[in-house]
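First the structure, in the form of structure tokens, and then the observations on it.
Numbers here are sequence positions counted from 1.
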Amino acid sequence: MTNQEFINKCKWRVSDYLNKLVGKEAACKPENVFVVWQAKALQNHKAMLAAPGRYNDKDYYFEFTYNGNLNETYMDVYTKDKNVLFKEARDGQDKNVYRSGQRY
């Protein structure tokens with residue numbers, strides 16, 4: 001499988017997954033899915049993809065692995081848990097806080 005064939009299949013699978021999730025045929029089109037990172041080693045492929053927008057009030061992130069020995073593709077689906085802000089202090093003081101303002 002070429003890199004482009006692998007990416008095209010991944011984009012279609014992300015689109016199909018999100019459309020079934022929200023129950024709309026064209027909620028996410030394959031051409032709107034983007035590749036965050038990809039790599040190929042020997043006959044294996046790995047890629048991380050995402051789609052713009054929120055689906056069922058969540059952000060989704062997808063990891064695909066193609067095992068060329070077994071001709072199998074695996075999809076892992078992740079959702080964003082939280083967004084943590086790290087303020088980088090110039091004086092060396094730790095000012096890391098959650099977006100809500102609570103220290104952790």
Exercise. Of all the heavy-atom pairs spanning Ala51 and Val33, show the shortest one and how long it is.
Key: CB-CG2, 4.3 Å
Quiz item: Any sub-3.5 Å donor-acceptor pair from Asn44's side-chain atoms to Gly68's backbone N or O?
Solution: yes
Exercise. Determine, step by step, whether Tyr17 and Val77 satisfy the side chain to side chain contact (heavy atoms under 4.5 Å, CB included) criterion, reporting the C-alpha distance in whole Å, the side-chain angles of both residues, the deciding distance to 0.1 Å, and the verdict.
Key: CA-CA 10 Å; Tyr17 178 87; Val77 181; 3.9 Å; yes
Exercise. Output all residues satisfying salt bridge (Lys or Arg N to Asp or Glu O under 4.0 Å) with Asp16, sequence neighbours left out; order by chain, then residue number.
Key: Lys20
Exercise. Flag yes if Met48 and Trp12 sit in one hydrophobic cluster, no otherwise; membership is Ile, Leu, Val, Met, Phe, Trp, Tyr, and two members link when side-chain heavy atoms are under 4.5 Å apart.
Key: no
Quiz prompt | Derivation of the side chain to side chain contact (heavy atoms under 4.5 Å, CB included) call for Ile7 and Gln38 | solution = CA-CA 9 Å; Ile7 293 301; Gln38 77 177 61; 3.3 Å; yes
Exercise. Decide side chain to side chain donor-acceptor pair (under 3.5 Å) for Thr65 and Lys46; before the verdict, give the C-alpha distance in whole Å, the side-chain angles of both, and the deciding distance to 0.1 Å.
Key: CA-CA 5 Å; Thr65 304; Lys46 173 88 79 177; 2.8 Å; yes
Quiz item: Can you name the nearest heavy-atom pair linking Lys40 to Asn3, along with the distance?
Solution: CD-OD1, 3.3 Å
Practice problem: Apply side chain to side chain contact (heavy atoms under 4.5 Å, CB included) to Trp37 and Leu49, showing your working. | Solution: CA-CA 7 Å; Trp37 174 84; Leu49 294 93; over 6 Å; no
Practice problem: Considering non-hydrogen atoms only, spot the tightest contact between Phe6 and Ala47 and give its length. | Solution: CE2-CB, 3.6 Å
Quiz item: Within the side chain of Asp59, is there an N or O that forms a donor-acceptor pair under 3.5 Å with the backbone of Arg54?
Solution: no
Quiz item: Which heavy-atom pair separates Met1 from Glu5 by the least distance, and what is that distance?
Solution: CA-OE1, 3.4 Å
Self-check item: His45 side chain near Phe64 side chain, heavy-atom distance below 4.5 Å
Solution: no
Practice problem: Taking the six-membered ring for Trp and the full ring for Phe, Tyr or His, determine whether the centres of Tyr74 and Tyr66 are under 6.0 Å apart. | Solution: no
Practice problem: Drop me the distance from Tyr55's OH to Lys24's NZ, to the nearest 0.5 angstrom. | Solution: 10.5 Å
Quiz item: Can you name the nearest heavy-atom pair linking Asn19 to Cys28, along with the distance?
Solution: OD1-N, 2.7 Å
Practice problem: Verify side chain to side chain contact (heavy atoms under 4.5 Å, CB included) between Arg13 and Thr73, making sure each step is shown before the conclusion. | Solution: CA-CA 11 Å; Arg13 288 181 173 126; Thr73 300; 3.8 Å; yes
Self-check item: Pair Glu63, Tyr61: side-chain N/O donor-acceptor within cut-off below 3.5 Å
Solution: no
Quiz item: Do Val35 and Tyr60 belong to the same hydrophobic cluster, where Ile, Leu, Val, Met, Phe, Trp and Tyr are linked whenever their side-chain heavy atoms lie under 4.5 Å apart, directly or via other members?
Solution: yes
Quiz item: Going only through I, L, V, M, F, W and Y residues with side-chain contacts under 4.5 Å, is there a path from Val36 to Val14?
Solution: no
Quiz item: Are Phe34 and Tyr78 in one and the same hydrophobic cluster, where Ile, Leu, Val, Met, Phe, Trp and Tyr link if side-chain heavy atoms are under 4.5 Å apart?
Solution: yes
